[in-house]
Chemist: 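Below is a structure I'd like to ask you about.
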Amino acid sequence: MAEPRIDNLRAALDGRTAPTVGLWNRLEGRPRTTDFDRALRAEVRDPLWMLTRQWQLGEFRGADAGSPVTATYSVNTTTPTRFRPAGGAVEPLPSDRPLETVAERRALPFAFGADRISFDLRLAIGRRWMKLLAQNLLLNVVSLNVRGKYIARYPIALPDPTVDADTPRVAHPEVWSTMQALAGRRMDGYEFYLFLKGGGAAYDGISGLLGLHRNELVRLSKRLVAWFDALIDQPTVDPNSHTTNATWDPRRLEHRFSVSARPPEGGTATEKVLTAQEYPGGTLDWHAFSIDPKGPLGGTGPAAAALHRTVFPAPVRFSGMPLPRWWALEDERTNFAAVRPDSTDLARLIFLEFALVYSNDWYQLPCDLPAGTLASIQGLAVTDVFGQQRWITPAGSGSDANWQRWTMFTLDTIGDDDIAADTSLLLPPSVPKVAEGPVLEEVSLIRDESANMVWGVEQTVRLATGESRRGSEVAAEILAHRLVLHPPPTPPAPVAPVRYEAMNSVPENWIPFVPVHTPGQNRDIQLQRAAMPGVVDGLPVRPRTSLLREGFDARLQYFVNEEEVPQSGTRLTVSYNRTRWRDGRVSVWLSAQRGVGRGEGHSGLAFDFLADTTPPKSGDTP
């Protein structure tokens, strides 16, 4: 039914003679026509003002260019094949494990001087050998007590609580109880492993064996050696110097090593060397390497393989960038307008200029390369929407010494020689994730300006059983045990209210490093490891971590570059790492890592002071 016509709408509204009830069943407006041309024109009321603003902002200075449609590139790739620790021998780079394993692995500490430690691994090797003997039917049929004879030949000796040399194994209740439970009941597998690696036969010293039994023992011993060699990766031993080819530089507190491959860009060179000069450990990526033009490793490697591919470029996208569609609203999660950079904050200014001005000028091309390749782009041809083809050259080409050269994700060159810049891309044979075990050793190198020295504070040390514990607790327990063995004499009664002391003591887990002159230099300073006198006998306190015992057992001095310990300090840790390679193989290795410290510290060390000898009165607060 049609509503009556209202001639005077204002009078009807004022008198409310024809109330109207509106009903909306849609959230958006309902168009009355199918012509959207005017709506899409985005008309403005003052087009001259808009044109003037565009002229002022330089939008009329257009470029004769179009958006890329397709891109065709050619890439040459090679594989690193040689490896050399800093100052070590050259060896083939293994392809069955990640580069982190080879670059970070360090020798397992089975002994500190004459002290045996790492009984967890010693027992693991012995238990493996006993398991191999138990699974062999030929050795179990005869009643020769073979396993008992190996325990007797390679025993775990019980420490003597009255001997100073056994103090680290009896001062801690947990370690002492463990040693009592193992002595005479378990086998020291590592001593047996060393005997086999030295050329000894598994049946040596085992009586009552027949020839058939000896052959079985030799076969099983080869399985034992192969099992432990594959269990934990360790650095190789140089046959000439009999030293391990470890990459850890104790003087610089970093890993240093080199890899080499055939140059992917061709030319007359047969080898390209990439050196990691300051790798702290942890995440290994391309930025840890530099081109070393003066360090050949004597390898060539396989020839470069060419890869040709045509791809579709995609615009670069990031959070907060302007959206290209009409009437599209950006979210407020990234507000570039709220960024207030300082006039000297060049990095932030450059980033804002890219995000707000040139963000839509960047495109990315997919280029899939396997890990462990050194790639060089030989050519890149881009076809735009107008059908024009353009040949793109690397932006970072030119002289390496040119400071105005713009480049990203490329390798720098060691030295200041005026040579051609290297534009190759390195994808090291690394893994995206490494599982780190608990910290076994932790050392904090801190500066003590009051004492004018650097202290190596052993925050975490490794016990003889392989477990870790606070360094302060270990030092206190060892000191308490030594005071029981060597009780100090009763001091005489004081004859004066004060007494003179030449110096006081610090906790025995604080190892001093004193500044000394570099040989042949008058101004350069280096840090030399020193020793504090012990509280009990006055003998030098020995470090308990492998990080600070560098050269100690060989009676060698240990120096650290002075610039390696900044005001913030340096933190060193040792732990086991575990990961899987692309074929599923598990890699386990012991590594050291370097991190940032927590600032300066104060040891409380003092010289030439007067100490109060008056005993406190009853009720006085000490």
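Bear in mind that the values here come from a model prediction, so they are computed numbers and not experimental data.
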Chemist: Do Leu426 and Ser424 come within less than 4.5 Å of each other through their side chains, counting heavy atoms only?
Modeler: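 The answer is no; the side chains never approach within 4.5 Å.
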
Chemist: Distance from Thr72 atom OG1 to Arg309 atom CZ, nearest 0.5 Å?
Modeler: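 These two atoms lie 11.5 Å from each other.
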
Chemist: Locate the shortest heavy-atom distance separating His517 from Ile525; write the atom from each residue and the value.
Modeler: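 It is ND1-CD1, 3.8 Å.
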
Chemist: Given side chains that start at C-beta, do those of Leu547 and Val574 come closer than 4.5 Å, heavy atoms only?
Modeler: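 With C-beta onward as the side chain, the pair touches.
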
Chemist: Applying side-chain contact (heavy atoms from CB on, under 4.5 Å), run through Trp248 and Leu253 and close with a yes or a no.
Modeler: CA-CA 7 Å; Trp248 179 257; Leu253 306 178; 4.2 Å; yes

Chemist: Could you list the donor-acceptor pairs under 3.5 angstrom formed between side-chain atoms of residues 86-95 and any protein atom two or more places apart in sequence or on another chain?
Modeler:
residue, atom, partner, partner atom, Å
Glu91, OE1, Thr236, OG1, 3.1
Glu91, OE2, Arg105, NH2, 3.4

Chemist: Pick out which of Asp422, Thr413, Asp412 makes a side-chain hydrogen bond (donor to acceptor under 3.5 Å, both in side chains) with Ser290.
Modeler: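 Looking at Asp422, Thr413, Asp412, the match for Ser290 under the side-chain hydrogen bond (donor to acceptor under 3.5 Å, both in side chains) is Asp412.
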
Chemist: Does a side chain donor of either Thr275 or Asp292 reach within less than 3.5 Å of an acceptor in the other side chain?
Modeler: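 Note: Thr275 and Asp292 side chains meet the donor-acceptor criterion.
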
Chemist: Taking C-beta and beyond as the side chain, do Phe289 and Phe257 meet within less than 4.5 Å on heavy atoms?
Modeler: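 Result yes, sub-4.5 Å side-chain heavy-atom pair found.
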
Chemist: Looking at Arg348 and Val339, would you say the former's side chain and the latter's main chain have a donor-acceptor pair under 3.5 Å?
Modeler: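 Not a single qualifying donor-acceptor pair exists.
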
Chemist: Taking the side chain as every heavy atom from C-beta outward, state whether Trp362 and Gln364 have any pair of such atoms under 4.5 Å apart.
Modeler: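 No, every pair of side-chain atoms sits at 4.5 Å or beyond.
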
Chemist: More than 12 non-hydrogen atoms from neighbouring residues, nucleotides or ligands closer than 6.0 Å to CH2 on Trp55, yes or no?
Modeler: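 It does not: Trp55 CH2 has 12 such atoms or fewer within range.
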
Chemist: Roughly how far apart are Leu411 CG and Thr423 OG1, rounded to 0.5 Å?
Modeler: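 Result: 9.5 Å between the selected atoms.
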
Chemist: Will you find, in the side chains of Asn577 and Ser591, an N or O donor that is under 3.5 Å from an N or O acceptor?
Modeler: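 There is such a pair between these side chains.
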
Chemist: Output yes when Asp229 and Lys197 qualify as a salt bridge under the 4.0 Å nitrogen-oxygen rule, no when they do not.
Modeler: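 Looking at Asp229 and Lys197, the cut-off is met.
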
Chemist: Is the closest side-chain heavy-atom distance between Ser258 and Phe83 below 4.5 Å?
Modeler: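 Answer no - side chains too far apart.
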
Chemist: Any chance CD of Glu278 has more than 12 other-residue heavy atoms, nucleotides or ligands included, within less than 6.0 Å?
Modeler: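 Count not over threshold, so no.
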
Chemist: Output a table of donor-acceptor pairs, distance under 3.5 Å, between side-chain atoms of residues 431-446 and any protein atom two or more places apart or on a different chain; print 'none' if there are none.
Modeler:
residue, atom, partner, partner atom, Å
Glu436, OE2, Gln593, NE2, 3.2
Glu441, OE1, Ser546, N, 3.1
Glu441, OE1, Ser546, OG, 2.9
Glu441, OE2, Arg462, NH2, 3.1
Glu441, OE2, Ser546, N, 3.3
Glu441, OE2, Ser546, OG, 3.2
Glu442, OE2, Arg571, NE, 2.9

Chemist: Answer whether the closest heavy-atom distance between the side chains of Leu231 and Val588 falls below 4.5 Å.
Modeler: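 The answer is no, as the side chains (C-beta and beyond) never meet within the 4.5 Å cut-off.
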
Chemist: Tell me whether Thr78 contacts the main-chain N or O of Arg262 through its side chain, where contact means a donor paired with an acceptor under 3.5 Å.
Modeler: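 A pair under 3.5 Å: yes.
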
Chemist: Run the numbers on Tyr558 and Phe552 for ring pair (Phe, Tyr, Trp, His ring centres under 6.0 Å), then give the verdict.
Modeler: CA-CA 8 Å; Tyr558 176 38; Phe552 184 86; over 10 Å; no

Chemist: Distance from Glu254 atom CD to Asp249 atom CG, nearest 0.5 Å?
Modeler: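 If we round to the nearest 0.5 Å, Glu254:CD and Asp249:CG are 8.0 Å apart.
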
Chemist: Just by distance, no angles: are the side chains of Asn76 and Ser376 close enough, under 3.5 Å, to form a donor-acceptor pair?
Modeler: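 No, no side-chain donor-acceptor pair sits under 3.5 Å.
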
Chemist: Has the side chain of Asp384 got a donor or acceptor atom that lies under 3.5 Å from a matching backbone atom of Phe386?
Modeler: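 Judged by distance alone, yes, a pair lies under 3.5 Å.
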
Chemist: How about Phe312: does its CZ atom have over 12 heavy atoms from other parts shown lying under 6.0 Å from it?
Modeler: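 No, CZ of Phe312 has 12 or fewer neighbouring heavy atoms, counting only those of other groups under 6.0 Å.
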
Chemist: Between the side chain of Arg447 and the main-chain N/O of Val565, is any donor-acceptor distance below 3.5 Å?
Modeler: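 Yes, because the side chain of Arg447 sits within donor-acceptor range (under 3.5 Å) of the backbone of Val565.
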
Chemist: Would you check if the side chain of Gln234 reaches a backbone N or O of Leu108 as a donor-acceptor pair within less than 3.5 Å?
Modeler: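 Side chain of Gln234 to backbone of Leu108, a donor-acceptor pair under 3.5 Å: yes, one is there.
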
Chemist: Please find the pair of heavy atoms, one from Pro85 and one from Ala246, that lie closest to each other, and give the distance.
Modeler: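 Scanning both residues, the minimum pair turns out to be CB-O, 3.8 Å.
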
Chemist: Distance from Thr283 atom OG1 to Asp285 atom CG, nearest 0.5 Å?
Modeler: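 Rounded to the nearest 0.5 Å, the OG1-CG separation comes out at 8.0 Å.
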
Chemist: Less than 4.5 Å apart, side chain to side chain, heavy atoms only: is that true for Thr518 and Phe559?
Modeler: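 No, side chains not in contact.
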
Chemist: Are the side chain of Arg549 and the backbone of Pro543 linked by a donor-acceptor contact shorter than 3.5 Å?
Modeler: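 Here the side-chain-to-backbone pair exists.
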
Chemist: Applying side-chain contact (heavy atoms from CB on, under 4.5 Å), run through Ile392 and Tyr73 and close with a yes or a no.
Modeler: CA-CA 10 Å; Ile392 308 299; Tyr73 59 79; over 6 Å; no

Chemist: I need the minimum non-hydrogen distance between Gly282 and Glu100, along with the two atoms involved.
Modeler: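 Looks like O-CG, 4.4 Å.
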
Chemist: Measuring only between side-chain heavy atoms, which start at C-beta, is Thr77 closer than 4.5 Å to Leu307?
Modeler: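 They are not in contact (no side-chain heavy atoms under 4.5 Å apart), so the answer is no.
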
Chemist: What are the two closest heavy atoms between Arg106 and Pro235, and how far apart are they?
Modeler: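 Heavy-atom minimum between the residues: C-CD, 3.5 Å.
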
Chemist: Closer than 3.5 angstrom, by distance alone: can the side chain of Arg529 be matched with the main-chain N or O of Glu550 as a donor-acceptor pair?
Modeler: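 Yes; judged by distance alone, with no hydrogens or angles, the pair exists.
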
Chemist: Could you give me the CA-CA distance, side-chain angles and deciding distance for Ser587 and Asp233, then say whether side-chain contact (heavy atoms from CB on, under 4.5 Å) is met?
Modeler: CA-CA 7 Å; Ser587 293; Asp233 282 295; 4.1 Å; yes

Chemist: Do Phe354 and Phe318 have ring centres separated by under 6.0 Å?
Modeler: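 Under 6.0 Å, so yes.
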
Chemist: What's the separation between atom OH in Tyr279 and atom CG in Leu284, rounded to the nearest 0.5 Å?
Modeler: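 That separation rounds to 4.5 Å.
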
Chemist: Stepwise, does the side-chain contact (heavy atoms from CB on, under 4.5 Å) test hold for Thr247 with Glu104?
Modeler: CA-CA 7 Å; Thr247 62; Glu104 298 179 4; 5.7 Å; no

Chemist: Pick one: which of Arg251, Arg252, Arg594 meets salt bridge (charged side-chain N to carboxylate O under 4.0 Å, His left out) with Glu564?
Modeler: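 One option only clears the test, and that one is Arg594.
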
Chemist: Within the side chain of Asn561, is there an N or O that forms a donor-acceptor pair under 3.5 Å with the backbone of Glu563?
Modeler: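 Absent.
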
Chemist: Check Phe513 against Val560 and note the closest heavy-atom contact, atom names and distance.
Modeler: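 Smallest heavy-atom distance, with atoms named: CE2-CG2, 4.0 Å.
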
Chemist: If I take atom OG1 from residue Thr460 and atom CG from residue Leu572, how far apart are they, to the nearest 0.5 angstrom?
Modeler: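 Those atoms lie 12.0 Å apart.
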
Chemist: Taking all non-hydrogen atoms of both residues into account, name the closest pair between Pro98 and Thr579 and its distance.
Modeler: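 Scanning both residues, the minimum pair turns out to be CG-CG2, 3.8 Å.
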
